[in-house]
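So the structure is just underneath, and the comments pick up after that.
Hydrogens, waters and symmetry mates play no part in the numbers below; they use all other heavy atoms, side chains included.
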Amino acid sequence: MVPWPGRQMLIPVPADMQQYFVFGLVLAVFGAFLWGKLSVELVALGGAGLLLITGILDRDDILQAFSNPAPVTIGALFIISAALERTGQIAKLGRLFNVVAKGSERRALAALLIVCAVCSAFVNNTPLVVILLPVILGFCRDSGAKPSRLLIPMSYATILGGVCSMAGTSTNILVDGIAREQGVAEFNLFSIAPLGIVFALVGGSYLWFFGAKLLPARDTLATLLDATKGREFLIQAAVTENSPLIGKPAVDVLEGRSRKLKIIEVRRRGRILEDALDKITVEEGDRILIRTGTKGVAELHRSDDVNVGLGENDLAPMEKREAVLLEGMIGPNSSLAGKSLSQIAFRQRFGALILAIHREGQNITRDFETLRLEFGDTLLVEGSREGIERLKAERDFITLSEPTPENFNLKKGPFALMGILLFIFLASFDFALIGLPGMQFDTFSAAFLAALFVLLTGCLRPREAYDAVEWKILLLIIGMLAIGTSMDKTGGATTLANGVTELLGPLGPWGILCGVYLLASIMTEMVSNNAVAVVLAPIVIRIAEAIEVSPIPFLVAVMFGASASFATPIGYQTNTYVFGAGGYHFKDFVKIGVPLNLLLWVVASCLIPLLWPFHP
């Protein structure tokens, strides 16, 4: 076999055109991210593959992306966060929240800002938000507070807390990994904490003093529908002997009756039939589960075709129970995402009906059978307890109506806490102080050892650890690292750096820093913050070289700018989670997020040069 370097590329790009090709590819990748119809990790990996095919990158360049410590570090932190979640440590925060809030919206807001900011500095903020969502919604139902007054602050607090340490967000770790590859001094765990703490205090104060004026007081999807509908019941009706319904499609069973009568499932000899209703032929003895209101019970009573066990003047059927109402959300890795209700066979699979879907500020209550479900969609579902439990067990269907019962491994809780403390200690302690300078641990080594500790102590099973890792994010990072390498290898990063320097050079290093932060902040509102960091980090290093100053302030600007996603619900995953759950409109994020972005831009522009001087 001919060795790899001697193989002919399929579509070779001339050397003098490679830089333009890379620029076009980066624009195409970002355009695909904005389009949103393709999986982001496949877009990034596809771009890396195209660079390999055209000869712009070789095998070693691709392998270098896989060997970067950033993805492994992020994966290890996912495992540590999962250990805290599975041992019930994060769930304890929910109970603490209810104790502190005591029915007061202002106390609840204060508790959220503090708890979320502190915890997200060290653990993945996604499970934190997922666990707290039903807790907050339950608090709002009990106290009368509006979820829309609390959910955006919760998401923003986790973002603000994430910039208080290098482990708080994958963006920080990614920039640190690129800086190391470029020969720039490494960041330790709390290198960025001084500015991060100021960000958290300024952002928290903004939400505390101005949030009440800017946040909407809006009902959630379940509240809106509950206000207009009365009690619903589920009635099991048996098809009687010689019924005229025998031989007809199940979809015609309720033909000519009230539209409020809906068939949820058909059972035959104890088994749920999973075919569509128009494919099921009714047989004697079939039991049909029907959703109805009180008037519907009376209507079924007048029917001779089905037997619901009603007496002449009795509206209590043989088997009648109140329908269970559930509000939930489609998670990012859910098997339901990307499919329509008819493709999923939702009614047959879960024995439940979707009453409404909330998406992008719209409450959809009709004609959604062919609508493809997406991450962030909030669903209002009604059905039998059995069917609702099946739905709650679905992977990444996030229950919002009530906290999802978990079989926490509480006995391992102390080991999970020891794991996160071990990570903090190894990553931040200066072993030279005790005469062991050769024993210093970087963020990668500390995260790896802490993740190994929680696995060896049984906080997680190996399969649970594998499921805890957000492989989509890691593959996105690897693909973008390869694309970033092509920017550097073809001189594209230097060309862009020279362009920025020429444009903003008259303003000096401070003016360039302001521009870098603002560019990162704007880009991260539209595409992945990790992608923004990968593209901008090599460019700012070249900018620093061109103007002969330290690259550290510019790298910090990229970290904070790429994490400051407040103005849209699509720039950061936690924003997407609360978007549907809080009944928000897109403009709500713009109204409260843009002023916060601008405020933090001013703070960063003033403090970064003071904390990390251009000429150390």
Interatomic spacing from [atom1] in [X] to [atom2] in [Y] - rounded to 0.5 Å:
X      : Y      : atom1 : atom2 : result
Thr576 : Glu374 : OG1   : CD    : 11.0 Å
Leu207 : Leu596 : CG    : CG    : 6.0 Å
Met166 : Leu189 : CE    : CG    : 8.5 Å

Around atom CZ of Phe448, are there more than 12 heavy atoms from other residues, nucleotides or ligands closer than 6.0 Å?
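Open.
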
Check whether more than 12 heavy atoms from other residues, nucleotides or ligands sit under 6.0 Å from atom CH2 of Trp601, and answer yes or no.
no

Taking the side chain as everything from C-beta on, heavy atoms only, tell me whether [X] gets closer than 4.5 Å to [Y].
X      : Y      : value
Met480 : Asn530 : no
Asn597 : Glu525 : yes
Thr169 : Asn172 : yes
Phe614 : Leu513 : yes
Met559 : Ile192 : yes
Ile547 : Thr501 : yes
Glu327 : Thr378 : yes
Pro569 : Tyr584 : no

Would you say [Y] and [X] are linked by a side-chain donor-acceptor pair, where the criterion is simply a distance under 3.5 Å?
X      : Y      : answer
Asp488 : Thr485 : no
Thr574 : Ser155 : yes
Thr495 : Asn498 : no
Asn124 : Glu470 : no
Asn529 : Thr171 : yes

Please find out if less than 6.0 Å separates the ring center of [X] from that of [Y].
X      : Y      : answer
Phe560 : Tyr517 : no
Phe375 : Phe579 : no
Trp471 : Tyr466 : yes

Among Tyr156, Tyr206, Phe589, find the one that has a ring pair (Phe, Tyr, Trp, His ring centres under 6.0 Å) with Phe566.
Tyr156

Sole candidate of Ile478, Leu475, Ile473, Leu476 that passes side chain to side chain contact (heavy atoms under 4.5 Å, CB included) when paired with Pro71:
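One option only clears the test, and that one is Ile478.
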
